[in-house]
There are 2 protein chains.
Amino acid sequence: MSVHEKMNFETKQAIKKAFIQQVEEEGFERVTVKKLALTAQINRGTFYLHYSDKYDVMEDLQQELLMELERYVKHVQPVDAFQTMKMGQLYQPFIKVIACIKEHAPAFRMLLGEQESPGFTQKMKIIFGNHILDRLSVLREEVQDPEFQQYLQAFIASAILGVIQEWLDKGNENLTVEEMVALHFRLLRFLGNVVADS
Amino acid sequence: MSVHEKMNFETKQAIKKAFIQQVEEEGFERVTVKKLALTAQINRGTFYLHYSDKYDVMEDLQQELLMELERYVKHVQPVDAFQTMKMGQLYQPFIKVIACIKEHAPAFRMLLGEQESPGFTQKMKIIFGNHILDRLSVLREEVQDPEFQQYLQAFIASAILGVIQEWLDKGNENLTVEEMVALHFRLLRFLGNVVADS
DNA sequence: CCTTCACTGAACACAATGTTGATTTGATAA
DNA sequence: TTATCAAATCAACATTGTGTTCAGTGAAGG
């Protein structure tokens, strides 16, 4: 029984791998089930035993990544992060978030990069926004305004994601995971200084 | 020299309108030339007298919007903006940028929203990044580092765009153009304070 | 009145889709 | 060993969208 499940699993993995490859090469739009079956070296009919269509593959991949990412984002506490960074140290929970993205760099690059998948960026923003900013709201009364909080979440989450996208687009070998974490705080500090001075 | 040099302007407009509508409803992927011709109330063959395929329509729309947007973004000078806002006034050039987006809200919502067009977000970030941050680099030596500047551009441009996306997603009737401009500076100030205090 | 030209309508070959039914493969368990 | 059964194969099918072609229509204006 377990072997049957494993064969099943490997075929699905082959389809996903072929999918990532094809989206990177030609964009989601130009992916066809026919080509997927060809590169995954399976029969076209077999594809339909695993997925209903290419959207189904996309959703499967997104779920997989978002669930794992959320596991790490959960442990980020902005207040602790600021304090840790002020002492010149790297904040471990955030390191794990960036490391998770680096580990799955090809998939994240596909979903966030030039051939981005509609909606995935939004989903990532929501994860970042919900977890990181729920805790920041304790800090200041201004965030109690739900509308302001909503825009603040969009603001911060987009900024962080923008830096990650830039990192992935550049091939993500330019900066190590630790340098990326340091960069985020350097950017925040820089912005804080500019605002304070002007 | 094509037989059909002068073509009806209104037909192209009808195609674009149908295109925006269909992307909003079903996403770019599910747009078909057949359905476009149907909703634009033209013959399917007529479509091909104007555009080569649906990608062609998309590019036309993007060009149109990006060119107009850039006209306004050009005049934004961050140093002036900060000073104007410190005096409790609204910075006019930025108002014009937001007003431009509001004017073409359906199109921008289509290209930036849930069914976002791959690549359009990046193009907007580049416009924001190039124009707004070229001038900020005079302010501080830290920005002289080209790598830091690149990430700073991604950081700020993504943040601004994130707020605009949120605004559009909510139906963009919640806040007026002026309130949006004020919100951006409120967000910046808030972030500056949090960073300074921690 | 007749030309021009954007658009129509119908037909074409082609490609991908999603489904079906009959068949092969290979690991497991009696 | 052999029967079993899930997984994958193969071929065929109707359907839908594509991009192109070409003869024809009707309104504007020279």
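Lettering follows sequence order; numbering is per chain, from 1. Below, each value reflects all heavy atoms present in this structure, side chains not excepted, and no hydrogens, waters or symmetry copies. Keep in mind that this is a model prediction, so the values were computed, not measured.
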- [ ] Identify which nucleotide among D/dC10, C/dG9, D/dA8 has an atom closest to any side-chain atom of B/Asn43, counting heavy atoms from C-beta outward.
- [x] C/dG9

Task: Residues which pass salt bridge (Lys or Arg N to Asp or Glu O under 4.0 Å) with A/Arg189, listed by chain and number, not counting sequence neighbours - done: none

- [ ] Round to the nearest Å and state the distance from A/Leu38 atom CG to D/dT9 atom C1'.
- [x] 15 Å

Review item, side-chain donor-acceptor pairs of residues 12-19 of chain B, under 3.5 Å, at least two apart:
| from | atom 1 | to | atom 2 | distance (Å) |
| --- | --- | --- | --- | --- |
| B/Gln13 | OE1 | B/Lys16 | NZ | 3.4 |
| B/Lys16 | NZ | B/Glu64 | OE2 | 2.4 |

Open item on the list: Filter on salt bridge (Lys or Arg N to Asp or Glu O under 4.0 Å), then keep only pairs touching residues 161-171 of chain B, sequence neighbours left out; what's left?
Closed with: A/Glu147-B/Lys170

Task: d(CD1, B/Ile42; P, C/dC5) in whole Å - done: 20 Å

Open item on the list: According to salt bridge (Lys or Arg N to Asp or Glu O under 4.0 Å), who are the partners of B/Glu29, at least two apart in sequence or on a separate chain?
Closed with: A/Lys54

- [ ] Determine, using the 4.5 Å side-chain heavy-atom cutoff (strictly less than), whether B/Leu66 and B/Ile126 are members of one ILVMFWY cluster.
- [x] no

- [ ] Nearest whole angstrom, please: distance from the C1' of D/dA7 to the NZ of A/Lys12.
- [x] 14 Å

Open item on the list: Between C1' on C/dT17 and CZ on B/Arg30, what's the gap in Å once rounded to a whole number?
Closed with: 13 Å

Open item on the list: Rounded to whole Å, how long is the line connecting atom OH of A/Tyr51 with atom P of C/dT17?
Closed with: 16 Å

TODO: Whole angstrom is fine here: how far is it from CG in A/Leu49 over to C1' in C/dT17?
DONE: 15 Å

- [ ] Mark up nucleotides 17-30 of chain D, 5' to 3', with B wherever a protein heavy atom is under 4.0 angstrom from a base atom, S wherever such an atom reaches only the sugar-phosphate, and - elsewhere.
- [x] SBBB----------

- [ ] Examine D/dA8: is either OP1 or OP2 under 4.0 Å from a nitrogen or oxygen in the side chain of A/His50? Give yes or no.
- [x] yes

Open item on the list: Holding to side-chain contact (heavy atoms from CB on, under 4.5 Å), I want the full list of residues that pass it with A/Ala107, two or more places apart in sequence or in another chain.
Closed with: A/Ile20, A/Leu65

